Every structure is written in C-alpha cells, then in structure tokens.
Amino acid sequence: MTPTLALNYYLYTSTAPPNLSRKRAAEPRANQGAYPPRFPKWVRKAAKPPMKSTTLIEQHSSSLKQALHDHVQSGSMEDALWVFEKMNQSDAYNWNIVIRGFTDNGLFREAIEFYQRMEFEGVGADNYTFPFVIKACGGSLSLAEVRRVHGKLFKVGLVSDVYICNSLCAVYAKLGCIEDAEKVFEEMPVKDLVSWNSMIGGYVAVGDGWSAVVSFQEMLVVGIMPDRFSMIGVLNACAIEGLLQTGKEIHCQVMKCVVESDVMVQTSLIDMYHKCGRLDYAERLFDKISQKNVVVWNAMIHGYALNASPVESFSCLKTMQETDKLRPDAITMINLLPSCTQVGALMEGKSIHGYAIRHGFLPHIVLETALIELYGACSRVKFAERIFGQLAQKNLISWNTMISAYVHNGRNWEALELFQDLVSKPLDPDPITISSILPAYSEVASLGQRKQIHGYISKLEHHSNTFILNSTVYMYAKCGHLGTSQEIFDRMIYRDVSSWNTIIMAYAIHGFGRRSTRLFSEMVEKGIQPNESTFVSLLTACSISGMVDEGWKYYASMKLEYGIDPGIEHYGCMIDLLGRTGNLDQAKTFIDEMPLLPTARIWGSLLTASRNNRNIELAEVAAENILSLEHDNTGCYVLLSNMYAEAGRWEDVKRIKFRMKQKGLEKTIGCSYLETKCKPYRFINHDKSHVESDTIYEVLDVILRKIGEDKYVHSITKFRPLDLMRKKQNSAEHHSVRLAISYGLISTKLRDPVLVRRNTRICEDCHNAAKKVSEMTKREIIVGDSKVFHHFRDGNCSCGDYW
DNA sequence: TTAGGGTTAG
C-alpha cells in the first residue's frame with residue numbers, strides 16, 4: 001500500500017494496514033502540480049471505525065498527546081493518525097490537533113473530511129476547531145464548505161468568536177467574496193489588530209488597493225497600532241494603485257517603529273517603489289539591507305524587469321550568486337524571464353529553462369507560463385505549444401498567454417481554434433482573453449464572425465469593461481470599419497486614457513492624421529493625462545499622414561510638457577518621419593545617437609525609408625541588422641530581394657533566394673480579401689478560382705484600359721531585355737488586389753466603398769492603379785495592407801504615397 | 001491547540 005493510500009485507510013477504518021510505512025504521508029509541496037492527490041472511492045467509503053477499549057490509552061494519555069503533537073509537527077500524518085486511534089476520541093482537543101495537522105500540511109480535503117467524521121461521531125467542535133477547518137476550506141477553494149461551516153457557527157453560538165471571525169474574513173476574501181468578509185467584519189462585536197489586518201489583506205487579495213488603504217487609515221483612527229502585517233498589507237495596496245505619496249508616508253511610519261529592520265517589510269517597500277516606477281528609491285533601500293535573502297533579491301530582479309531595465313535585472317542575478325552566494329529559486333526564474341522576453345534574449349531564456357529543469361522547478365504553472373510567453377515573443381511557437389500541451393494544470397492565464405503567442409506570431413487561425421477550445425471549457429474568458437483574441441478576429445475572421453464575437457462579448461460578465469471595449473474599438477478599426485469603431489467609442493460611458501489612445505491610433509492607421517490630432521486636443525481639454533502610448537498613437541498618425549512638422553512638435557512636447565521620455569516606439573515613428581522626408585542620413589544618425597539599443601522595429605523603419613528612397617546600400621545595412629536580431633524575418637529578405645529586382649541586380653536576387661532556402665524560409669503568398677454580404681472571398685495573383693472569374697477579368701480589363709494600364713507599364717523603365725522578360729512574369733496586371741477591387745466594384749452597392757484587405761504590403765503598381773480607379777469610378781477604395789489602410793479617393797491616397 | 005505575512009504570468 002502506498003503511503004497516501006495507507007493514510008486514507010487509517011482515516012476511515014482506524015485499523016492498521018499490514019505494512020505500515022513510517023514515511024511521511026506526502027512530501028510538502030515543491031511546486032504547483034496536482035496536489036493533494038485524489039483517492040479512490042472505495043477508500044473514501046470505508047466502514048465506520050469500530051469502538052475500541054481506551055483503558056490503556058487513558059493511562060498513557062499525556063505521552064500520547066505529546067506523540068500526537070510531535071507527529072503532526074513533523075508532518076507524519078500517518079503516524080499521527082495511528083496515535084489518534086489509541087486516544088480518547090470524545091476529546092475535541094485530539095481531533096483539533098489532527099485537523100490542524102492536515103491543514104498545516106496542505107491536506108485540506110483530508111482536514112475537512114476529518115472534521116466531517118468528527119461531526120458524524122458526535123464530538124462537539126469548539127472555538128479551536130473552526131479556524132483550522134475554515135483555513136482548510138480556503139486551501140481547498142471550497143466556498144460551499146465555508147458557507148456550510150459559517151451556518152454551523154450560528155447553531156453552536158460561536159459566530160462572534162474573534163479568532164473564528166478573523167479566519168472567516170481572510171478566507172472569504174481569499175475566495176474573492178469581499179462582501180461576505182466585510183459583513184463578518186462589520187458584525188464583529190470586538191475587532192482586534194488581526195481583524196483589521198485580515199480586511200486590509202482581503203482587499204489587497206481582490207485587487208482593491210484603495211479600500212485597503214482606507215481600512216488602514218480607519219484602523220489608526222480607532223487607535224490600533226499597526227504591526228508588520230498591517231505595513232506589508234498597506235504597502236501592497238499602494239503598489240496596486242501606484243500610490244507613491246501614501247507609500248512614502250507609510251515608509252516614514254515604518255522608520256518610526258520597530259519593524260524598520262524587518263526584511264519582509266523592507267521587501268514590500270522595495271516592491272512598492274518599483275511598482276510606482278521609482279527604481280532610485282528601491283535601489284537606495286535595497287543597498288541598506290545588510291542581510292539580503294533570495295526574496296529581496298527576487299523583488300529587485302522583478303523591479304528591474306518591471307521598469308524596462310533588463311540588463312540590471314541580469315546583473316542582479318550575477319551579484320546575488322557571486323557576492324551573497326545565494327541560489328536562485330523558481331521565483332528568480334519567473335522574475336528573470338520577462339527581461340529575456342523584453343529584449344528577445346532567446347538564448348538566455350533557454351538557459352533559464354534548462355536551469356529550471358535541472359533544479360527540479362518544473363512542473364510549475366507560473367514558470368511554465370512565463371516560458372510560453374518568452375517563446376511566443378521570440379517566435380518559437382512550437383516550443384510554446386509543447387509547454388502548453390504538457391501543462392499538468394491549465395489556468396486562464398496560461399490559456400491567455402498561448403492565445404497571445406499565436407496572435408503575436410500571426411498564427412491567427414490557431415489562436416481562434418484555441419479560443420473556441422477555451423470557450424468549451426468551464427473556464428470563463430476574462431478581459432485579457434478578449435483583448436488577446438480580438439486582433440486575430442480583426443485579421444482573419446469574416447464580418448459575420450466578428451459580429452458573432454461582438455455578440456458573445458456583450459453577454460459576458462465584463463461586457464462593459466473599458467479594456468474590452470477599447471479592444472473592440474481597435475478590432476473594427478483594424479478590419480476597416482472605422483465608423484463602427486467611432487460608434488462604440490461614442491457609446492462608451494467611461495473612457496480611460498487607453499480608450500483615447502485607441503481611437504487616435506484607429507484614425508492614425510487609416511491615414512486620417514488630422515482627425516487623430518484633433519482627438520488628442522479634445523482628450524487634453526477633457527483633462528485626460530496623455531501617457532507613453534498616447535504619443536505612440538499621435539506620432540504614428542503624424543508619420544502615416546506625412547505631418548512632419550506636427551510630428552516634431554509632439555515629439556518635443558512629450559518630454560517638455562508631459563515629462564515622458566521617448567521609448568523605442570517613439571524613436572521608430574521619428575525614423576519613419578525622417579524617412580518620409582528623404583532624410584536618410586539624418587535617420588541613420590538618429591539611430592546611432594539613440595540612447596536605446598536599436599531593435600528590429602527601428603531597423604525596419606530605416607529599411608522602409610531606404611526602400612522608398614531607393615537607397616540599396618542603406619537598405620542592406622538595415623536588413624543585415626534586422627537579420628542579426630531576427631534570423632527568420634521573411635519580410636526583410638523579400639523586401640531586399642524586390643529592391644535588387646527593381647534595380648536589375650538578379651545575381652543578388654538569386655543570393656537572397658538561396659539564403660532563404662538555406663534557412664527553410666518561404667515567401668509569404670500575398671492574398672487579398674474582399675467581403676460582400678458577409679461572405680469572404682480570397683484572391684491570389686492571377687487567381688481564376690472564383691465562380692465569377694470571367695466577369696472579374698473582363699471588368700478589370702475594361703478598367704485597366706480606361707485608366708491607361710492595359711499595356712504593361714512599370715514604374716522602373718531601365719531594364720535589359722532579359723530582365724524585362726523576368727519582370728513580365730511578375731506583371732502586376734492581374735495582382736490579387738486588382739482582382740479583389742474589380743469584384744468589389746461589381747458586387748457592392750454603388751455608393752459603398754470597396755474594402756479590400758491584404759496580408760502583405762500593396763505594391764507600387766497596384767497603389768498607382770487603385771488611385772486611378774478611384775478617380776475613374778468615383779468610388780472610394782480602401783485597401784488595408786499589412787501596415788496601413790489606404791483610402792483612395794478622387795485619384796489620391798490617404799498615405800500620401802508613402803507607406 | 002486557534003486567525004493575518006514579503007518576491008511570481010497578461
């Protein structure tokens with residue numbers, strides 16, 4: 001019989017099994033795997049224990065009690081039960097010790113079942129029994145059991161016991177039922193320090209930092225002196241709400257009382273300063289701690305990651321190991337991984353993964369989720385999938401992380417499938433799930449499917465959540481329905497800074513920069529404080545709409561008026577602006593002088609600028625830098641190859657193709673999508689699969705004749721004959737975007753715009769043709785490519801011919 | 001013999 005089975009055998013039969021093991025019933029939790037284990041029904045339903053003679057036991061009752069204590073304290077629950085069966089079982093004291101033993105050893109289910117056996121045998125539970133039982137109910141996350149025990153308290157007249165009420169407050173809050181905790185607290189005739197601490201901790205547990213701070217202040221008003229637990233609780237509350245000033249005041253109080261040198265309080269202070277964005281305060285405090293433990297080092301590593309200082313995060317790890325001779329634990333790994341994710345440090349992330357395996361930290365759901373995020377961010381979807389597939393337990397965060405990994409890597413169909421899978425599970429999607437999946441809907445789903453998800457969201461508990469509405473606004477903008485975005489935005493009762501950032505960005509990607517800047521002014525007038533993302537939206541608007549002077553003005557005001565330091569995204573927008581005006585040298589100098597390490601996104605901006613200004617040398621520099629950061633950036637290879645082709649450098653085209661083949665990379669097949677009457681249609685170049693293909697081609701031929709593009713004309717004319725032949729093969733005449741526009745013109749209402757979406761950038765020839773078609777047909781044509789939406793009207797494009 | 005505790009995923 002295995003130790004766990006033996007333990008249950010004792011629990012229900014009180015008869016010794018033949019091969020009694022002296023081992024512990026179960027090892028303490030090393031990780032968050034499936035624990036405690038489930039037991040077979042036949043063990044649970046074993047017979048009621050027979051009555052035994054207690055004469056001998058009574059003679060040795062004192063030594064038996066000592067033995068019971070010893071076994072419980074050492075976690076040997078099997079032995080404790082063996083002793084218990086020899087004791088006086090009408091004495092609640094003995095039952096309490098066993099229940100406490102189970103609870104302290106994480107065997108919550110067993111604790112509850114043992115209490116039920118106590119009830120069954122008619123032994124009256126007392127004021128000591130219930131705190132242990134309530135704690136066990138909390139441990140097993142059993143709200144129904146807590147309520148049952150709570151009801152019992154009324155019957156036995158213990159509903160006012162301060163210890164029991166404190167336990168109830170803590171457990172209700174832990175299970176997310178803060179109103180129940182508040183009710184118990186309010187009805188307590190006597191409240192002590194622990195009661196207040198339980199409520200402060202309870203508010204923190206449900207993420208309500210403000211109420212926790214108010215509770216703390218009320219506690220001081222009624223004359224109760226805070227202890228270390230109060231300080232830790234209220235500092236957590238300040239961290240949640242970003243209340244730096246209150247946090248500093250608490251720090252002053254800490255300095256005045258005995259808890260000043262308490263390392264736990266100091267860790268909470270450090271964490272609070274990090275979460276309030278004050279690395280400097282956190283560092284100063286950290287340096288003063290003479291005896292640093294792993295937890296305080298972990299808090300520091302986490303703080304650096306939180307404040308976008310990944311290098312410092314890794315330096316911390318080094319010093320912790322070399323100077324303090326401390327061994328990193330699973331939490332160290334969890335705190336380090338976001339730093340790897342931030343800078344795309346795949347090798348370092350893999351080392352951490354290896355370390356975690358070697359040191360037995362896995363399975364660990366938080367650590368594994370952090371690994372999924374890392375691999376997702378580093379485009380290693382297969383690794384992420386493998387970890388996700390092997391998770392012993394999946395929680396909502398792990399599902400959300402895997403969905404985000406798919407979306408981040410453009411694997412939108414897989415993301416949708418996974419989301420559907422999640423919906424069929426008992427887990428309820430939360431605002432993070434919805435905001436993660438909506439970009440996939442905006443990329444690949446049909447309008448019908450998007451309306452379906454919108455309907456699904458409106459039935460969710462969080463349907464009016466600002467976070468979800470912001471994502472919905474962006475989803476409609478990203479799939480070309482800017483009007484719907486504006487309608488949802490207008491109907492929002494509460495708009496936060498992200499709502500404004502979203503709508504500014506929505507107009508930005510559609511090339512309506514003026515509208516974006518007007519919205520920014522409106523936002524400021526309404527007293528909304530812009531943040532870093534506001535300026536990303538605003539600078540994107542200026543960049544896409546070619547508003548160069550305004551761009552520089554906002555870039556300057558960001559720091560001067562709002563005290564916001566430019567981040568990598570802002571620098572990217574400025575390089576786009578410089579590229580637009582043809583200042584390639586300035587753009588390169590800008591990159592060289594940037595205080596941040598250039599990322600692939602930065603080099604990507606330079607590459608776009610080089611392409612649009614036909615500077616192959618600089619494009620090569622940019623591309624090499626991108627490929628040194630992202631070896632499998634297919635788009636980068638393709639763009640460079642197209643530039644060589646346009647310049648007639650066919651040897652270089654061959655060289656790029658060879659490199660791509662060597663790396664197993666394939667060019668993304670360019671597709672154009674059109675939706676009419678909620679039916680999606682997909683076109684590839686020279687596509688003839690559509691049932692109305694003949695009509696589409698006939699209409700296209702007529703249009704091309706009318707706009708003077710019926711003969712092969714290319715933007716670059718200096719080709720050798722052989723090159724011209726190669727070019728002819730790639731003629732834009734029947735490119736997918738033209739086929740989609742042609743079908744759009746004949747299948748939609750006359751006054752409606754034709755909306756086409758592409759998975760890759762629209763080529764220059766089709767861009768020119770679309771301008772002419774809009775002029776000739778007097779129809780608005782909208783083409784959303786992989787970067788921006790082009791609104792073609794009266795022969796002009798909203799992008800100002802730069803994209 | 002009872003209650004509350006620092007760092008951990010988007």
Side-chain angles (χ1 to χ4, degrees), chain A residues 32 65 68-69 72-73 91-101 103-104 126-135 138 158 161-171 173-174 192-202 204-205 227-233 235-236 239 259 262-272 274-275 293-303 305-306 329-338 341 361 364-374 376-377 395-405 407-408 430-436 467:
Chain A
Q32 297 187 5
K65 269 191 180 162
L68 186 66
H69 271 281
V72 160
Q73 207 148 29
D91 186 352
Y93 179 97
N94 298 335
W95 289 86
N96 293 346
I97 298 301
V98 176
I99 297 171
R100 190 197 75 182
T103 307
D104 286 351
D126 61 15
N127 55 321
Y128 286 95
T129 317
F130 289 105
F132 301 134
V133 176
I134 293 166
K135 194 174 176 183
L158 284 170
D161 182 278
V162 70
Y163 275 81
I164 295 173
C165 288
N166 288 346
S167 308
L168 273 175
C169 282
V171 166
K174 181 182 176 181
D192 65 4
L193 173 63
V194 179
S195 319
W196 286 97
N197 285 353
S198 301
M199 281 317 291
I200 295 168
V204 168
D227 67 355
R228 59 207 287 259
F229 299 117
S230 331
M231 296 300 191
I232 290 166
L235 286 170
N236 268 330
V259 296
D262 185 311
V263 72
M264 284 191 192
V265 176
Q266 286 171 316
T267 308
S268 297
L269 274 166
I270 287 172
D271 182 56
M272 181 273 295
H274 278 142
K275 287 178 178 158
N293 61 17
V294 180
V295 180
V296 75
W297 277 105
N298 286 351
M300 212 55 203
I301 290 170
H302 175 239
L306 208 63
D329 62 10
I331 309 273
T332 318
M333 306 291 111
I334 292 165
N335 289 334
L336 276 169
L337 283 169
T341 305
F361 296 154
H364 187 305
I365 191 158
V366 180
L367 182 47
E368 287 164 305
T369 305
L371 284 166
I372 292 171
E373 194 180 1
L374 166 88
N395 61 20
L396 191 58
I397 301 174
S398 49
W399 280 88
N400 291 350
T401 309
M402 192 62 227
I403 289 173
S404 294
V407 174
H408 177 77
D430 68 357
I432 305 280
T433 322
I434 302 302
S435 65
S436 305
F467 196 52

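Note that the structure is a prediction, hence the values are computed from the model and not measured. First the proteins, then the strands, lettered A, B, ... as listed; each starts at 1.
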*Ignoring hydrogens and geometry, is there a side-chain-to-backbone donor-acceptor pair from A:D271 to A:T267 under 3.5 Å?*
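Answer holds: no.
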*Would you say a side-chain N or O of A:H302 is under 4.0 Å from OP1 or OP2 of B:dG6?*
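False: A:H302 side-chain N/O out of range (4.0 Å or more) of B:dG6 OP1/OP2.
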Choosing from [options], which nucleotide comes nearest the side chain of [X]?
{"X": "A:N236", "options": "B:dA3, B:dG6, B:dG4", "answer": "B:dG6"}
{"X": "A:N293", "options": "B:dG6, B:dT7, B:dG5", "answer": "B:dG6"}
{"X": "A:Y93", "options": "B:dG6, B:dT8, B:dT1", "answer": "B:dT1"}
{"X": "A:N298", "options": "B:dT1, B:dT7, B:dG6", "answer": "B:dT7"}
{"X": "A:V263", "options": "B:dG4, B:dG6, B:dT1", "answer": "B:dG6"}
{"X": "A:I397", "options": "B:dT8, B:dG6, B:dA9", "answer": "B:dA9"}
{"X": "A:I232", "options": "B:dA9, B:dG6, B:dT2", "answer": "B:dG6"}
{"X": "A:D271", "options": "B:dG4, B:dT7, B:dA9", "answer": "B:dT7"}
{"X": "A:V366", "options": "B:dT8, B:dT2, B:dA3", "answer": "B:dT8"}

*asked:* Over all strands shown, is A:N335 touching base, sugar-phosphate only, or nothing at heavy-atom distances under 4.0 angstrom?
replied: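 It contacts sugar-phosphate atoms only.
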*Please name all residues satisfying salt bridge (Lys or Arg N to Asp or Glu O under 4.0 Å) with A:D91, sequence neighbours left out, ordered by chain then number.*
A:K65
*Rounded off to whole Å, could you give me the CE-to-P distance for the A:M199 and B:dG4 pair?*
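Nearest whole value for this atom pair: 15 Å.
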_Whole angstrom value for the distance that separates P of B:dT2 from CD1 of A:I97_ =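 Nearest whole value for this atom pair: 7 Å.
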*For DNA chain B, what residues of residues 163-170 of chain A have any heavy atom nearer than 4.0 Å?*
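The answer is A:Y163, A:N166, A:S167, A:A170.
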